[in-house]
There are 2 protein chains.
Amino acid sequence: MGRWQPNARGRLTRAAYELYGERGYEQTTVAEIAKRAGLTERTFFRHFADKREVLFAGSEDLQEALVGAVTGAHESVAPVDAVTTALEAAGAVLTDREFSRQRQRIIDANTELRERELIKLARLAAAVAGALRHRGVPDLTASLAAEVGMAVFKVAWQRWLDGTGAEDLRGCVREAVGELKGTTTRT
Amino acid sequence: MGRWQPNARGRLTRAAYELYGERGYEQTTVAEIAKRAGLTERTFFRHFADKREVLFAGSEDLQEALVGAVTGAHESVAPVDAVTTALEAAGAVLTDREFSRQRQRIIDANTELRERELIKLARLAAAVAGALRHRGVPDLTASLAAEVGMAVFKVAWQRWLDGTGAEDLRGCVREAVGELKGTTTRT
DNA sequence: ATGTTGATGGCAGTCACTGACATCGGCCTA
DNA sequence: TAGGCCGATGTCAGTGACTGCCATCAACAT
């Protein structure tokens with residue numbers, strides 16, 4: 001048996017979710033999270049850059065999935081379509097709506113957390129734009145397609161969690177894309 | 001004459017811009033800003049909610065301008081066009097490109113500041129979406145038009161500062177809108 | 001005169017985050 | 001198998017953002 005209990009990072013994550021959910025983000029100190037996980041504050045900061053990051057650890061996976069889907073799209077596909085299709089594909093990964101709702105409830109209750117969420121999305125957009133440029137898409141087109149894609153995703157995500165839209169995220173993305181094409185074409 | 005030098009807030013703002021520009025945001029303490037302004041740290045926090053907010057104080061004006069332009073648009077105008085037209089109008093206010101560049105250089109050099117910038121934009125989007133809904137535009141359409149509008153603005157803003165696009169912000173917005181309509185229509 | 005108000009100072013405290021150093025099981029190598 | 005290195009954790013002492021509370025004191029009203 002090792003010198004320490006296994007899966008320190010996982011225990012920290014779990015403890016953080018519990019406490020943020022119970023008392024709210026602001027009312028929770030890092031020391032409390034660490035204590036519940038049977039660790040020290042210092043160790044928390046070795047696993048997570050800051051108090052917020054524990055809620056956003058999975059975002060690299062989403063980024064990889066998105067970039068991969070964009071990169072792998074057929075050349076004939078228009079940039080916006082490549083992005084929105086990638087979003088649908090990524091949507092297939094995010095299936096646990098109840099978990100996503102709880103997490104979002106925590107985030108929405110705190111401005112700092114919303115800020116972090118937004119910069120993660122912005123990084124996603126930057127990565128997607130990079131993937132498009134790598135395919136030879138011109139700068140302006142790439143940036144705009146990526147940003148518009150994130151706009152679609154934001155709206156779709158919120159409606160998925162609200163229950164306003166389709167049952168699965170992929171469906172919500174499709175609805176939003178439909179609205180986008182309608183709304184930008186309409187005179 | 002009053003008990004204190006006039007325009008404390010302005011002095012704090014000026015001192016903050018100077019120091020953020022000279023040493024960078026992180027390397028500047030609030031105490032230093034206050035000292036340069038001839039005030040105390042405590043007073044800084046009476047004028048600004050936090051160390052970042054001093055760079056974003058003007059954003060309410062932009063929000064009012066945008067919301068006003070959206071609200072005042074003719075009913076026959078499609079939501080997206082109402083938003084993009086409002087953006088062009090707002091662009092007429094932001095004319096000092098050199099100042100905007102300096103400010104943006106400070107912001108781009110620091111993640112926390114970028115986070116703050118993003119949430120200000122998100123609030124802009126929420127306000128615009130609200131204005132659209134108030135005009136009877138359905139939820140999904142309003143949210144999407146607002147978010148897409150911000151996407152356009154982001155791209156236009158960056159190109160304006162880069163010097164990649166037109167000379168005035170209004171022109172950059174127009175270019176981005178053109179690209180948007182082309183790119184979302186294209187099969 | 002006297003009371004009130006509003007912008008500021010002073011001070012103590014909390015908490016996020018960091019750097020430097022100590023600890024000690026497990027693993028590798030001779 | 002002895003010795004030594006490594007990596008995850010602990011400990012501790014900071015720094016700096018931000019807050020609450022109370023004091024100050026010119027200006028202004030009554």
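So you know, we letter chains A, B, ... as the sequences are listed, proteins then strands, and number each from 1. In this text the structure is predicted, and so the values were computed from the model without any measurement.
- Taking the six-membered ring for Trp and the full ring otherwise, the centers of A/Y17 and A/F99 sit less than 6.0 Å from each other.
- No hydrogens or angles were tested; on distance alone, nothing pairs the side chain of A/R3 with the base of D/dG10 as donor and acceptor under 3.5 Å.
- Dashed line: the shortest gap from a side-chain N or O of B/T40 to OP1 or OP2 of C/dT8 is not under 4.0 Å.
- Whole-Å rounding puts the B/L39 CG to C/dT8 P distance at 6 Å.
- Whole-Å rounding puts the B/E26 CD to D/dT15 P distance at 18 Å.
- Counted by atom type alone, B/Q104 and B/W157 present one or more donor-acceptor pairs between their side chains at under 3.5 Å.
- Comparing C/dA16, C/dT8, D/dC18 by their closest approach to the side chain of B/W4 singles out C/dT8.
- Within 4.0 Å (heavy atoms only), A/A8 reaches sugar-phosphate atoms of the nucleic acid but no base atom.
- Protein atom CD of A/E112 is 15 Å distant from nucleotide atom P of D/dA17, rounded to whole Å.
- Annotation: cation-pi pair B/R103/B/Y20 absent, no NZ/CZ under 6.0 Å from the ring centroid and within 45° of its normal.
- Atom C1' of nucleotide C/dA16 and atom CD of A/E41 are separated by 7 Å, given to the nearest angstrom.
- The base of D/dG20 sits with one of its N or O atoms less than 3.5 Å from a complementary donor or acceptor on the side chain of B/R42.
- Put simply, CG on B/N7 is 10 Å from P on C/dT8, counting in whole angstrom units.
- Following rounding to the nearest Å, A/E53 (CD) and C/dA16 (P) show an atom-to-atom distance of 16 Å.
- Whole-Å rounding puts the B/Q27 CD to C/dT18 P distance at 13 Å.
- The one candidate from B/K120, B/R123, B/R52, B/R114 that meets the salt bridge (charged side-chain N to carboxylate O under 4.0 Å, His left out) condition with A/E115 is B/R52.
- B/L19 places its CG atom 12 Å from the P atom of D/dA17, with the value rounded to the nearest Å.
- Between the side chains of A/E179 and B/T141, at least one donor-acceptor pair of N or O atoms lies under 3.5 Å.
- A donor-acceptor contact under 3.5 Å is not formed by the side chain of A/R46 with the base of D/dG7.
- Residue A/H47 places at least one side-chain N or O under 4.0 Å from the OP1 or OP2 atom of D/dT9.
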